[in-house]
*Asks:* 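I have a structure here, written as structure tokens, and I will follow up with some questions on it.
Along the sequence shown, the residues carry numbers beginning at 1. Nothing here was measured: the structure is a model prediction, and the numbers come from that model.
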Amino acid sequence: LHISSKTNVMPPRKRPATNSALARSQFHPANYLQPYQNYLRAECGMAANTLQAYATDLKQFTEWLDHQGVKTAEQVDLDVLGRYLQELHKRDLAATTIARRMVSLKMFFRFLVLEGVLTESRADLLASPKLWSYLPTVLSPEMVDRLLMAPSGDDRYPLRDRALLVVLYATGCRASEVCGIKLRDMHLEERYCRCLGKGNKERIVSLNPVAVAALQAYLHHERPGLCRGEDEHIFLTRRGQVMDRITVWKLVKKYAGRIGVASKVSPHTLRHSFATHMLAGGAEIRALQEMLGHASIRTTQVYTHVEHSRLKSIHKRCHPRG
């Protein structure tokens, strides 16, 4: 009896197509877009903003295919994909935008292989453009203080706007995460709140006394007049609707313009400032990773290149010739 020393590994079995439209090779968005979005949402756990971006990428790609006379999935070979990549470069799109579109296409063709529509993914042979490492824009603590105090009595909802700015900086949350915070997520007495990040990952973020005071003032004096029903979201618009990230972006730009820094400030600038100031105060990189909700430590390490003062002090204290 001969026993092989190699372990027999069965290849992954492809799932049968769950939709009759998927069993056909016709390349129409109506056949693939919704099942693809369901796959990204249910199995990949992608956030709503990412789903919207990928859906837009796919729609533009299929519209380009129609102009090229490509009607079936089998006709999308490496030559077609290469021409589409050239078209993206001709539009003078940013390298980050092209890279994201390449990722969305690769995931889409892997989905078609998974569903048995194609036998292989030709998109995996495409190389994404190399990206530069950009250092994030960071405000000084003094400039942050000026921004947080920018809402005044002349504004329509100064307490709401100040609470929004303070929470963005105090927690380091993304704009979409702050928009999603509900009343039941807030624990002001314990000084923390829960937020839902990318991939529907929940994490706990701390609230400093300034943020707690700003939230209490807003919740007691302005939010009751904004609430039109039983909506539990913290931040509401003047019509009682849930605030979205575009509205947050406009508000941050408004108050950044008031202090003269509108050209370089966005909601994400407050997130970058939070991370950099935390490192300057002595926070460990792993703890900061958890606070920011980063899946990879490499994403967090960019702030070590921004914050030089702490590294200089450590070098001066620890090096024998510092």
Side-chain angles (χ1 to χ4, degrees), residues 9 11-136 176 198-199 245 266 268 294-296 298-299 301-302:
V9 179
R13 182 170 58 89
K14 296 176 183 177
R15 297 181 302 180
T18 57
N19 191 312
S20 59
L22 289 175
R24 301 193 301 270
S25 61
Q26 291 298 321
F27 201 109
H28 293 297
N31 290 350
Y32 300 105
L33 183 55
Q34 191 59 51
Y36 176 55
Q37 287 182 303
N38 294 340
Y39 164 75
L40 294 179
R41 183 184 300 106
E43 300 194 29
C44 299
M46 289 190 173
N49 292 333
T50 306
L51 290 173
Q52 183 179 2
Y54 280 20
T56 302
D57 293 342
L58 179 57
K59 181 180 179 182
Q60 293 178 357
F61 177 61
T62 54
E63 290 175 351
W64 180 85
L65 288 178
D66 289 339
H67 286 96
Q68 300 295 313
V70 178
K71 300 299 181 182
T72 65
E74 286 82 357
Q75 292 177 335
V76 184
D77 54 16
L78 193 59
D79 179 65
V80 173
L81 293 171
R83 283 190 279 124
Y84 180 65
L85 185 57
Q86 290 179 349
E87 176 67 22
L88 295 180
H89 283 288
K90 290 180 182 178
R91 297 177 188 176
D92 291 330
L93 298 176
T96 52
T97 302
I98 296 177
R100 193 205 66 209
R101 295 196 179 189
M102 290 297 100
V103 171
S104 64
L105 284 180
K106 288 179 180 180
M107 292 196 65
F108 177 64
F109 277 92
R110 290 171 189 169
F111 167 74
L112 295 182
V113 173
L114 186 65
E115 294 293 336
V117 180
L118 296 175
T119 57
E120 61 179 355
S121 172
R122 302 178 183 92
D124 285 338
L125 300 176
L126 289 176
S128 297
K130 293 184 178 180
L131 303 179
W132 288 86
S133 296
Y134 295 98
L135 294 181
S176 57
K198 288 186 176 181
R245 59 193 180 95
S266 69
H268 228 63
H294 287 159
S296 172
R298 290 181 297 178
T299 309
Q301 284 174 340
V302 67

*Asks:* Hey, does D57 have a side-chain heavy atom less than 4.5 Å from the side chain of R100?
*Replies:* yes
*Asks:* Is there a side-chain contact between T119 and V113 in this structure, where contact means two heavy atoms from C-beta onward sitting under 4.5 Å apart?
*Replies:* no
*Asks:* Quick one, N49 and R245 - any side-chain contact, counting heavy atoms below 4.5 Å?
*Replies:*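 Answer yes - side chains close enough.
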*Asks:* If you measure from CZ on R110 to CG on L114, what distance do you get to the nearest 0.5 Å?
*Replies:* 11.5 Å
*Asks:* So Y54 and Q37, side chain to side chain contact (heavy atoms under 4.5 Å, CB included) or not? Walk me through it.
*Replies:* CA-CA 8 Å; Y54 280 20; Q37 287 182 303; over 6 Å; no
*Asks:* For T50 and K198: C-alpha separation, side-chain torsions, deciding distance, then whether side chain to side chain contact (heavy atoms under 4.5 Å, CB included) applies.
*Replies:* CA-CA 9 Å; T50 306; K198 288 186 176 181; 5.6 Å; no
*Asks:* With a cut-off of 6.0 Å (strictly less than), are more than 12 heavy atoms of other residues, nucleotides or ligands near CZ of R298?
*Replies:*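 Atom CZ in R298 is not crowded, with 12 or fewer foreign heavy atoms closer than 6.0 Å.
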*Asks:* Can you give me the closest heavy-atom contact between W64 and V80, atom names plus distance?
*Replies:*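 It is CH2-O, 3.5 Å.
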*Asks:* Check for a donor-acceptor pair, side chain of T56 on one end and backbone N or O of Q52 on the other, with a separation under 3.5 Å.
*Replies:*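 The answer is yes, because a donor-acceptor pair under 3.5 Å joins these two groups.
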*Asks:* Taking C-beta and beyond as the side chain, do E115 and Y39 meet within less than 4.5 Å on heavy atoms?
*Replies:*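 Heavy-atom side-chain distance check fails, nothing below 4.5 Å.
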*Asks:* Does K106 pair with D124 as a salt bridge, N-O distance under 4.0 Å?
*Replies:*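 Between D124 and K106 there is no salt bridge, as every charged N stays at least 4.0 Å from the carboxylate O atoms.
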*Asks:* In Å and rounded to the nearest 0.5 Å, what is the CZ to CZ distance from R101 to F61?
*Replies:* 11.5 Å
*Asks:* Drop me the distance from L88's CG to Q60's CD, to the nearest 0.5 angstrom.
*Replies:* 8.5 Å
*Asks:* Less than 4.0 angstrom from a charged side-chain N to a carboxylate O is my criterion; do E87 and R83 meet it?
*Replies:* no
*Asks:* Nearest 0.5 Å, what's the CG-OG distance between L51 and S104?
*Replies:* 12.0 Å
*Asks:* Just how far is it from atom OH of Y36 to atom CZ of F111, taken to the nearest 0.5 Å?
*Replies:*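 Taking OH in Y36 and CZ in F111, the distance rounds to 8.5 Å.
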*Asks:* Assess whether side chain to side chain contact (heavy atoms under 4.5 Å, CB included) is satisfied between L65 and Y84, documenting all intermediate values.
*Replies:* CA-CA 9 Å; L65 288 178; Y84 180 65; over 6 Å; no
*Asks:* Do T62 side-chain atoms and L58 backbone N/O form a donor-acceptor pair below 3.5 Å?
*Replies:* yes
*Asks:* For C44 and M107, what are the C-alpha separation, side-chain angles and deciding distance, and is it a side chain to side chain contact (heavy atoms under 4.5 Å, CB included)?
*Replies:* CA-CA 10 Å; C44 299; M107 292 196 65; 4.0 Å; yes
*Asks:* Using 0.5 Å steps for rounding, measure from the CG atom of L85 to the CG atom of L81.
*Replies:*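 It is 9.0 Å, given to the nearest 0.5 Å.
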